[in-house]
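Each chain gets a letter, A, B and so on, in the order the sequences are listed, and its residues count up from 1. Quantities reported herein were computed from a predicted structural model and do not represent experimental measurements.
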Number of protein chains: 2
Amino acid sequence: MKIVSQTWNQHVVKKENKTLVLDQIREHAPISRASIAQQTGLNKGTVSSLVSELMNEKLISESGTGQSSGGRRPVMLLFNQQAGFTISIDLGVKNILGVLCDLKGNILEGKKIILEDNQVEIVLERLYGLINELIAAAPDAPYGIVGIGIGVPGVISNEGEVLLAPNLDWKNVQLKEILADKYQLPIVVENEANAGAIGEKTYGAGQKSNDLVYVSVGTGIGVGLILDGELYKGIRGFSGELGHMTIERDGLKCRCGNTGCWELYASENALLSKAKTDQFKSIHTIVKAAEKNDKEAISLLNDMGKYLGIGITNILHIFNPEQVILGNAMIEAEKFVLPAILEYIDAHTIGFNRDDVKISGAMLKEYSTVLGIASVNIELFFKENQATLELLS
Amino acid sequence: MKIVSQTWNQHVVKKENKTLVLDQIREHAPISRASIAQQTGLNKGTVSSLVSELMNEKLISESGTGQSSGGRRPVMLLFNQQAGFTISIDLGVKNILGVLCDLKGNILEGKKIILEDNQVEIVLERLYGLINELIAAAPDAPYGIVGIGIGVPGVISNEGEVLLAPNLDWKNVQLKEILADKYQLPIVVENEANAGAIGEKTYGAGQKSNDLVYVSVGTGIGVGLILDGELYKGIRGFSGELGHMTIERDGLKCRCGNTGCWELYASENALLSKAKTDQFKSIHTIVKAAEKNDKEAISLLNDMGKYLGIGITNILHIFNPEQVILGNAMIEAEKFVLPAILEYIDAHTIGFNRDDVKISGAMLKEYSTVLGIASVNIELFFKENQATLELLS
DNA sequence: CTAAGTTTGTCTAGTGACTAAACAAAGATT
DNA sequence: AATCTTTGTTTAGTCACTAGACAAACTTAG
């Protein structure tokens, strides 16, 4: 039978209005009840009553009074960002980055560990150690640890299974289930580029954009799509494989089965394989060389920019986004690569599609992914929490 | 100041529930009140009251009693699809197709006229003639003509201005404003491929898909995107320019400024320009020849399929859609082109992205666009109508 | 053919979330 | 000191919904 969209009743109204009030406080704190009423269009009485519930739930608190504007001084409300904490992991090929965040996405504790071996069992052990350390570092809070999340460079099913992570050599790892069993907490497993897109949208360069494309240029190329303000995942969760978009018909053979894939020309791997000298072992060394005016390094980075430009031009034509944000390993080379990208785009993109788009490097640098994961966990907490508190009241 | 999302109150609840009830009747008529209550989860009394309002508004009607299932026989409710009519136009380069539809998207009257001249003033005159004829053909109805819409092969701004339609040689035509002034009715102006996507989603091959990509292969290639069930337009409305996606770096120069654009290899124009004999003046003549086993024709169509396959493979990697639907002029050649497309895709697409996707020709054939336009007008009517009737009650 | 059980659709009483408006508290202004 | 403003709470009233009773209309069993 077809699932019918939600029926509407007072219950729903209350829940939505409560979320609305909480969101106002989260975004505009410190803010007074009167001001919330004005902004949301809700009655002052309604706001008062909802605010009082939120205070009972320890999600907000009153701070002192604010500035008078010619009458009684308002009582300012604060978001209690320490009501709970999240743990977020960026699982890379060479290392794992883990952070402990409050409910506003502030990093309280961060740790990076080096990975020598990508075998599932070994990685899991290291992961548990890192997570336990971060849990231990969390201050006491009404809601404690509200969720754990992890960003993985691979294809993730909607059920949180890592179907394939070629650079880790992982296949069919039920990561969400494994972590949920171990920690009995809400678990988020998301593709690294999708998470990066959310991170930049929530806390980084893309906060004002409703349609943004995050291009993660690392060993390969992955893309996260925020369309109409929401992460777009496709029917099974496999969208954003733009790294395997053909930009040269009858081009190089890719191990994915396709030919002329973008990432064969524009990724870090592509960059390194095109280097003539053996001294270039990573994007880092090339950037260092370029900074010392090494001609080959500069030329390599310039070429990379051109190839990235080809794909980004396609992106502008396909999505007409408000913003394109470049992240992951290439962020280090932004200074050298971005000008070449812009030059290519300006010469090749249809005017309409070029006009209002902003193209930039990731503002959160290496934290785009972890903070995106944190954001997903936080929003999940507020959604679930509303449902739970409903039952309690 | 930031616009705050809607505040929720009983008014909204009623409006939403009324829409819910109406949608049930639109989709499942004939249906009883009891059945609606069961399906929506609304109380029987609530349904009765909303149904009675909808009857007053002439949007639904009672037909006789239905089959008993062991008790009192239910009163069946019907959607009054003739409560109003829409007029929809597909503006082509060589002809204009116009239809009169009821509120269920049934075509009551259709007419196609040939265009010799694409000059704005001349096209407008022909358009007015066609629209007037269709208006005259509409039966009497409580709401009369509820909207006029038009699909245009070009770049349309969110304000309904035709910014550029290269094949018509139109630039900056305020089409929506012109038609609104003349007819004083809700006007929809939409890109032809976007409309086609909506048409196939609402009435055609894509009714069950939430994420579908409609590829309009005509003189050029345009693409309409339905993502998460909604038309995706991008920040200014210029999405879907996949015709100008590079599939060959350093490839052919396109008049759009880019190089190696998909439509230079896979459109009708591309097909014709590659033909060695002059006898092939349109896709139609090539298909006719292929049907008579003409080797060049068959080979041309086969190549077209391969080139379409390159772009569609990209689409599968980018969007992981549930469905890809091919429409416009190429629909005639489906029999010859589709197998080649599928062959290419099967050989080049990542398994995950290939697995659950359905690739097919447009079910509505040459009516995809007009019916999509009709659908937009109809939904607009119900949205606006709800608002108006709110004021009256 | 009658009696019992079922299903449909309406009606009534009650609930709960909201709004409008009155009001008290606290400060600014003259 | 008196008046005006602004804030936040309280009270009365509105409205859409739900639960459950009920009448009407039908099926089924004996």
Undergrad: Looking at B:Glu200 and B:Ala205, would you say the former's side chain and the latter's main chain have a donor-acceptor pair under 3.5 Å?
TA: yes
Undergrad: Give the first and the last nucleotide of DNA chain C, reading 5' to 3', that has any atom under 4.0 Å from a heavy atom of chain A.
TA: C:dT15 to C:dA28
Undergrad: Atom CD of residue position A:Glu379 - does it have more than 12 heavy atoms of other residues, nucleotides or ligands inside 6.0 Å?
TA: yes
Undergrad: Using a 4.0 Å heavy-atom cut-off, does A:Ser32 contact any base of the nucleic acid, only the sugar-phosphate backbone, or nothing at all?
TA: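 The answer is sugar-phosphate, as A:Ser32 gets under 4.0 Å only of primed atoms, P, OP1 or OP2.
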Undergrad: Can you tell if the side chain of A:Gln10 reaches within under 4.5 Å of the side chain of B:Val13, non-hydrogen atoms only?
TA: no
Undergrad: At a heavy-atom distance below 4.0 Å, what parts of residues 67-74 of chain A sit against DNA chain C?
TA: A:Ser68, A:Gly70, A:Gly71, A:Arg72, A:Arg73
Undergrad: Quick one about B:Arg73 and B:Ser68 (side-chain donor to acceptor, distance below 3.5 Å, no hydrogens or angles considered), yes or no?
TA: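 No, no side-chain donor-acceptor contact under 3.5 Å.
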Undergrad: Which heavy atom of B:Ser375 sits nearest a heavy atom of B:Ile198, and at what distance?
TA: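 Heavy atoms only, the tightest pair is OG-CG2, 3.8 Å.
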Undergrad: Any base atoms under 4.0 Å from B:Val75, or only sugar-phosphate, or nothing? Heavy atoms, all strands.
TA: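 If one applies the 4.0 Å heavy-atom cut-off, B:Val75 turns out to touch the sugar-phosphate alone, with no base involved.
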Undergrad: Once side chain to side chain contact (heavy atoms under 4.5 Å, CB included) is applied, do any residues pair with A:Ser63, and if so which ones, sequence neighbours excluded?
TA: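 In terms of side chain to side chain contact (heavy atoms under 4.5 Å, CB included), with neighbours along the sequence ignored, A:Ser63 is linked to A:Met76, A:Leu78.
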Undergrad: Taking protein heavy atoms under 4.0 Å as touching, what does nucleotides 12-22 of chain D look like 5' to 3' if B marks base contact, S marks sugar-phosphate-only contact and - marks none?
TA: --BBBSBB---
Undergrad: Which residues pass the salt bridge (Lys or Arg N to Asp or Glu O under 4.0 Å) test with A:Arg236, sequence neighbours left out?
TA: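 If we apply the salt bridge (Lys or Arg N to Asp or Glu O under 4.0 Å) test to A:Arg236, skipping adjacent residues, the hits are B:Asp356.
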Undergrad: So, B:Gln24 side chain and B:Ile36 main chain: donor-acceptor pair closer than 3.5 Å or not?
TA: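 No, because the side chain of B:Gln24 does not come within donor-acceptor range (under 3.5 Å) of the backbone of B:Ile36.
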Undergrad: Mind checking whether A:Tyr143 and A:Phe381 have parallel, tilted or perpendicular rings, split at 30° and 60°?
TA: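 Plane angle over 60°, so perpendicular.
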Undergrad: Looking at residues at least two apart in the chain, or sitting in another chain, which of them share a side chain to side chain contact (heavy atoms under 4.5 Å, CB included) with A:Asn106?
TA: A:Gln81, A:Asp102, A:Lys104
